Amino acid sequence: MEKRYYQPEIETASQEQIKAWQDERLVKQVKHVWDNVPYYKKKMQEAGVTPEDIKGRDDLYKLPFVTKADLREAYPYGLMGKPLKDCVRIQSTSGTTGKRVVAFYTQHDIDLWEDCCARAIVAAGGTNEDVCQVSYGYGLFTGGPGLNGGSHKVGCLTIPTSSGNTERQIMFIQDLQATILCCTPSYAAYLGESMKEMGLTPDQIPLKAGIFGAEAWSEEMRRDIENTLGIKAYDIYGLTELSGPGVSFECEEQTGMHINEDHFIAEIIDPDTGEVLPEGATGELVFTAITKEAFPLLRYRTRDICRLTRKACSCGRTHVKMSKPMGRSDDMLIIRGVNVFPSQIETVLLNNGYAANYQIIVDRVNNTDTLDVQVEMTAEMFTDNLGKIDELQKKLVDDLRSMLGLSAKVTLVAPKSIVRSEGKAVRVIDKRKI
Ligand code: DLL
């Protein structure tokens with residue numbers, strides 16, 4: 001296959017070159033933060049470290065972490081690295097788990113962010129011949145603006161539909177012959193389901209690739225989406241605190257996402273002790289932004305759990321790869337003492353032929369945690385034969401027990417009874433917190 005890169009000299013640079021960029025940019029960034037972010041300077045002083053102690057990437061471990069709690073404490077302006085007059089934009093999270101994160105950008109920050117998104121689009125096969133429909137939310141959420149900017153940089157004809165209004169989405173895909181779709185994987189699955197219902201077969205859908213992220217999704221879900229839409233589905237990762245989508249992205253190998261290491265240094269740590277773990281170990285992902293001016297976070301704890309690998313990639317890119325995050329450490333459910341990631345439950349469901357329309361309800365009854373998984377039957381398997389339903393439920397209970405080591409209650413529900421999501425899907429309802 002022809003090699004496709006947006007910035008080939010950067011994306012295929014040698015390991016030595018990448019390290020040299022990181023060393024130089026980190027030293028500069030630490031000085032920038034020390035001089036301009038009193039909140040972090042104080043944290044460094046408390047940790048007994050000064051900019052002179054940081055000579056390169058190998059000294060990173062000396063720096064204190066930044067956590068979500070710091071963002072909350074310093075809200076809104078306390079972690080800014082540039083005066084307001086130099087900043088041109090904010091983006092923000094939905095704030096479902098506490099106070100909203102507000103991130104700031106200079107024009108330069110936006111430019112580099114859009115480059116990262118452009119790399120993802122080109123890796124998915126995008127060129128200036130493509131029509132790219134951006135169905136991530138626009139506005140405060142970073143998905144729409146990030147991919148929109150990347151799409152412009154690649155020169156795609158960009159359709160800024162934003163999320164929602166599924167009928168209109170499908171109309172544009174068909175009428176304007178969109179070839180690339182950018183949205184959350186759960187929305188892609190919903191669009192696929194709707195098109196199938198309209199009688200559209202994969203070869204009647206003009207799309208060739210999808211760039212899906214912003215939430216965890218399994219390999220099984222990827223296969224489902226690829227089959228219904230007749231596309232290759234690529235993963236993209238990012239978070240508002242570090243600009244948004246495009247911190248890392250998948251190439252044609254589809255075995256993990258290349259982290260844009262000229263902008264971000266990644267580490268994996270033990271979430272309990274903070275100790276840095278060796279390559280290949282599973283742990284919490286920590287990022288240091290080495291080129292960002294307005295919101296220059298050092299050693300930011302993402303809470304996302306994954307692994308890093310430097311194994312050579314057949315696409316020719318040299319930047320380190322992260323595995324699909326298996327969930328966030330704060331999404332991890334502890335049920336009767338057992339750690340459960342929603343992605344494990346999803347894998348069992350999809351392997352049994354269900355679509356990713358489910359809800360996980362956790363409660364505590366008589367001091368014992370309960371796990372109730374409600375799953376939609378697909379139209380093909382829908383039946384009112386109670387014996388058959390019972391049999392299907394039992395099979396899922398057994399498979400969940402072997403995956404999780406825990407017994408769950410499974411309730412099969414009628415097709416279309418679980419609400420579809422247009423953005424990030426809400427899969428878990430934990431009633432214990434209420
Ligand atoms: O979700 C940015 C984004 C937009 C990424 C569009 C990709 C595409 P936040 O709303 O700040 O930013 O949420 C960040 O979402 O820490 C992960 O837990 C999760 N996440 C993002 N991408 C992925 C992915 C955007 N590909 C949080 N796989 C992150 C799994 C993801 N989880």
Side-chain angles (χ1 to χ4, degrees), residues 66-68 71 90-103 105 113-114 116-121 123-124 132 134-151 162-163 180-188 210-219 221-222 225 233-250 254-260 264 266 271 284-287 289 295 297 300-307 321-332 341-343 346 356 421-428:
V66 175
T67 64
K68 198 90 160 202
L71 300 194
I90 70 142
Q91 301 286 163
S92 174
T93 61
S94 57
T96 41
T97 53
K99 204 156 189 81
R100 279 178 178 280
V101 170
V102 173
Y105 304 74
W113 173 30
E114 292 179 349
C116 290
C117 290
R119 288 181 198 174
I121 293 172
C132 178
V134 183
S135 313
Y136 285 110
Y138 278 63
L140 289 169
F141 180 55
T142 54
L147 269 310
N148 189 90
S151 175
S162 192
S163 58
I180 300 178
L181 173 67
C182 307
C183 63
T184 58
S186 50
Y187 195 44
I211 304 177
F212 306 136
E215 62 186 3
W217 54 309
S218 58
E219 282 304 327
M221 188 161 171
R222 184 203 314 259
I225 298 174
Y234 298 89
D235 204 350
I236 183 166
Y237 168 90
L239 53 163
T240 312
E241 295 88 318
L242 296 167
S243 63
V247 169
S248 65
F249 61 93
E250 230 171 27
Q254 293 180 302
T255 54
M257 295 175 272
H258 291 281
I259 293 172
N260 285 311
F264 305 103
E284 180 179 344
L285 190 55
V286 171
F287 280 112
F295 207 55
L297 298 185
Y300 181 64
R301 291 185 60 161
T302 63
R303 297 269 158 208
D304 291 317
I305 304 292
C306 71
R307 274 189 321 275
K321 278 195 332 201
M322 59 183 269
S323 62
K324 253 181 183 310
M326 62 183 299
R328 297 171 51 79
S329 62
D330 49 9
D331 273 1
M332 189 180 75
F341 284 98
S343 58
E346 183 176 301
S421 108
E422 293 170 350
K424 299 190 193 224
V426 180
R427 308 271 195 212
V428 180

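The model shown is predicted, which means the values in this text are computed figures rather than measured ones. Basis for what follows: all heavy atoms, side chains included, without hydrogens, waters or symmetry-related copies. Atoms within a ligand are numbered from 1 in the order they appear, just like the ligands themselves.
- Contact check for Ile211 versus Ile121: side-chain heavy atoms found under the 4.5 Å cut-off.
- Listed by atom number, the atoms of ligand 1 under 4.0 Å from Thr93 heavy atoms are 11 (O).
- Contact check for Ser343 versus Lys324: no side-chain heavy atoms found under the 4.5 Å cut-off.
- In the candidate list Gly238, Cys183, Ser92, Gly238 is nearest to atom 25 (C) of ligand 1, counting heavy atoms.
- The protein heavy atom nearest to atom 16 (O) of ligand 1 is Asp304 OD2, 2.7 Å.
- Residue Lys324 places every heavy atom at 4.0 Å or more from ligand 1.
- Met322 CE to Ile259 CD1: the interatomic distance, rounded to the nearest 0.5 Å, is 6.0 Å.
- Not a single N or O atom of Trp217, backbone or side chain, sits closer than 3.5 Å to an N or O atom of ligand 1.
- For ligand 1, the polar-atom distance check against Met257 finds no nitrogen or oxygen pair separated by under 3.5 Å.
- The shortest distance between side-chain heavy atoms of Gln254 and Arg222 falls below 4.5 Å.
- Polar contact with ligand 1: absent for Tyr136 (N/O pair, distance under 3.5 Å).
- Between Leu71 and Leu297, the closest side-chain pair of non-hydrogen atoms falls below 4.5 Å.
- Side-chain contact between Pro325 and Met257 is present, with heavy atoms from C-beta onward closer than 4.5 Å.
- For atom 10 (O) of ligand 1, the closest non-hydrogen atom on the protein side is Lys424 NZ, 3.0 Å.
- Among protein heavy atoms, atom 11 (O) of ligand 1 sits closest to Thr240 OG1, 2.5 Å.
- Between atom 26 (N) of ligand 1 and the options Ile211, Val101, Thr142, Ile236, the minimum heavy-atom separation is to Ile236.
- The protein heavy-atom contact nearest to atom 7 (C) of ligand 1 is Ala214 N, 3.2 Å.
- From the protein, the heavy atom lying nearest to atom 28 (N) of ligand 1 is Glu215 O, 3.2 Å.
- In this structure, the side chains of Val101 and Lys68 come closer than 4.5 Å at one or more pairs of heavy atoms.
- Closest approach of Trp113 and Gly146 over heavy atoms only: CZ2-CA, 3.3 Å.
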